[in-house]
Enquirer: 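Structure incoming, see below.
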Number of protein chains: 2
Amino acid sequence: MTDDRIMTIREMCDAFDVTPRTLRFYEAKELLFPIREGQKRLFTKRDRARLKLILRGKRFGFSLEEIRQLLDLYHMGDQQQTQLARTYEIAQQRLSDMESQRDELNQAIDELKEQMRWGEKMLASMDQSKKAAE
Amino acid sequence: MTDDRIMTIREMCDAFDVTPRTLRFYEAKELLFPIREGQKRLFTKRDRARLKLILRGKRFGFSLEEIRQLLDLYHMGDQQQTQLARTYEIAQQRLSDMESQRDELNQAIDELKEQMRWGEKMLASMDQSKKAAE
DNA sequence: ATGGGAATTTACGTTGACGTAACTCAAACG
DNA sequence: CGTTTGAGTTACGTCAACGTAAATTCCCAT
């Protein structure tokens, strides 16, 4: 099974399109725990699963610290009711953050579009601001 | 005319909901040019107009440096054809940035929602990830 | 044995937009 | 006249997620 294959840092980098620095950084931040055979790091299936979750988390806009907490929560096993609830809560918070962020963005886009409406209004606006700025 | 009234830094802070540090910072970055009467800063109508544009720019997601460039462009007067074109260009770039950012955000939201679909799928997903992470 | 190519460690640098501390200075109040 | 404000300056601190440089160590092939 190439599934539980052990990978070097370079293989990981190529597989996930990240730099070595990033992987060491994640290890330092206790997001990954590669096996330390002598000097070298060996990344297992476990690390690949975690890295996948990390990268997904980043796409979702979680900070590394939030991701670590989520990873820890679900990793620390039992009382899964509570843990899951907490995880879910965090995810929902993030979701609502993202939605309001999107809404703000949409509003800003609308405003900017309005402002740019065939350059004319923009010119007018700038003229006005210019007068005001003198 | 209370319109060309001159304002102290505190009045400005209250009027625009910013800190003194922010106003001094903007001055240092050459975004504002309050009159320096002795030690004190006196903010004119011009500064208020500029600050309005600055804050609007920030809502639009421009960096302070971009804002400064825009302000400089339109401030430096003539050849308004070229200047306006350039301004318009920058604004359009920003707009398309914002739109793609919004799209990414929407996609992330969709993914996250899917992931959270009645917690059940989330539990399953986590179980899976958990197995994989062991 | 020697040169090369990975991988490692340590530690400082980067970016943006301010926050914050420490100290000075001047007007204003009681 | 003492002191409380309010403003000012200087300069270092913050946060995130790495980038980057320098020096070292490791194994492998020539």
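Here the structure is a predicted model, which means the values were calculated and not measured. In what follows, chains carry the letters A, B, and so on, assigned in the order in which the sequence lines appear, proteins first and then strands, with residues in each chain numbered from 1.
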Enquirer: Rounded to the nearest angstrom, tell me the gap between atom NZ in A/K29 and atom P in D/dA16.
Expert: 8 Å
Enquirer: Is there a side-chain polar atom (N or O) of A/T22 under 4.0 Å from OP1 or OP2 of D/dA17?
Expert: no
Enquirer: Before giving the answer on side chain to side chain contact (heavy atoms under 4.5 Å, CB included), spell out for B/F43 and B/I9 the whole-Å C-alpha distance, their side-chain angles and the decisive distance to 0.1 Å.
Expert: CA-CA 7 Å; B/F43 296 84; B/I9 199 169; 3.9 Å; yes
Enquirer: Once you round it to whole Å, what is the distance between P of D/dT10 and CZ of B/R24?
Expert: 12 Å
Enquirer: How about B/K29 and B/F25: do any of their side-chain heavy atoms sit closer than 4.5 Å?
Expert: yes
Enquirer: Do B/R68 and B/E65 meet the salt-bridge criterion of a basic N to acidic O distance under 4.0 Å?
Expert: yes
Enquirer: Could you give the start and end, 5' to 3', of the contact zone on DNA chain C for chain B, using atoms under 4.0 Å from its heavy atoms?
Expert: C/dA17 to C/dT20
Enquirer: Below 4.0 angstrom, which residues in residues 31-43 of chain A have at least one non-hydrogen atom near DNA chain D?
Expert: none
Enquirer: Just how far is it from atom CE of B/M12 to atom OG1 of B/T44, taken to the nearest 0.5 Å?
Expert: 8.0 Å
Enquirer: Can you find a donor-acceptor N/O pair under 3.5 angstrom joining the side chain of B/R10 to the base of D/dG6?
Expert: no
Enquirer: Determine: side-chain N/O of A/Y26 to OP1/OP2 of D/dC18, distance under 4.0 Å, yes or no.
Expert: yes
Enquirer: Could you state the CE-C1' distance from B/M7 to D/dG6, rounded to the nearest angstrom?
Expert: 16 Å
Enquirer: I need the B/K45 NZ to B/R50 CZ distance, nearest 0.5 Å.
Expert: 14.5 Å
Enquirer: Take atom CD of B/E27 and atom P of D/dA7, then tell me their distance rounded to the nearest Å.
Expert: 14 Å
Enquirer: For A/R68 and D/dA17, give me the distance from atom CZ to atom C1', rounded to whole Å.
Expert: 15 Å
Enquirer: On DNA chain D, nearest-nucleotide positions of B/T8 versus B/R21: which is more 5'?
Expert: B/T8
Enquirer: Between B/R36 and B/E27, is there a salt bridge with N-O shorter than 4.0 Å?
Expert: yes
Enquirer: Distance from B/R41 atom CZ to B/F33 atom CZ, nearest 0.5 Å?
Expert: 13.0 Å
Enquirer: Any heavy-atom pair between the side chains of B/L23 and B/L51 that's under 4.5 Å?
Expert: yes
Enquirer: Working to the nearest 0.5 Å, report the span between OG1 of B/T8 and CG of B/L42.
Expert: 8.0 Å
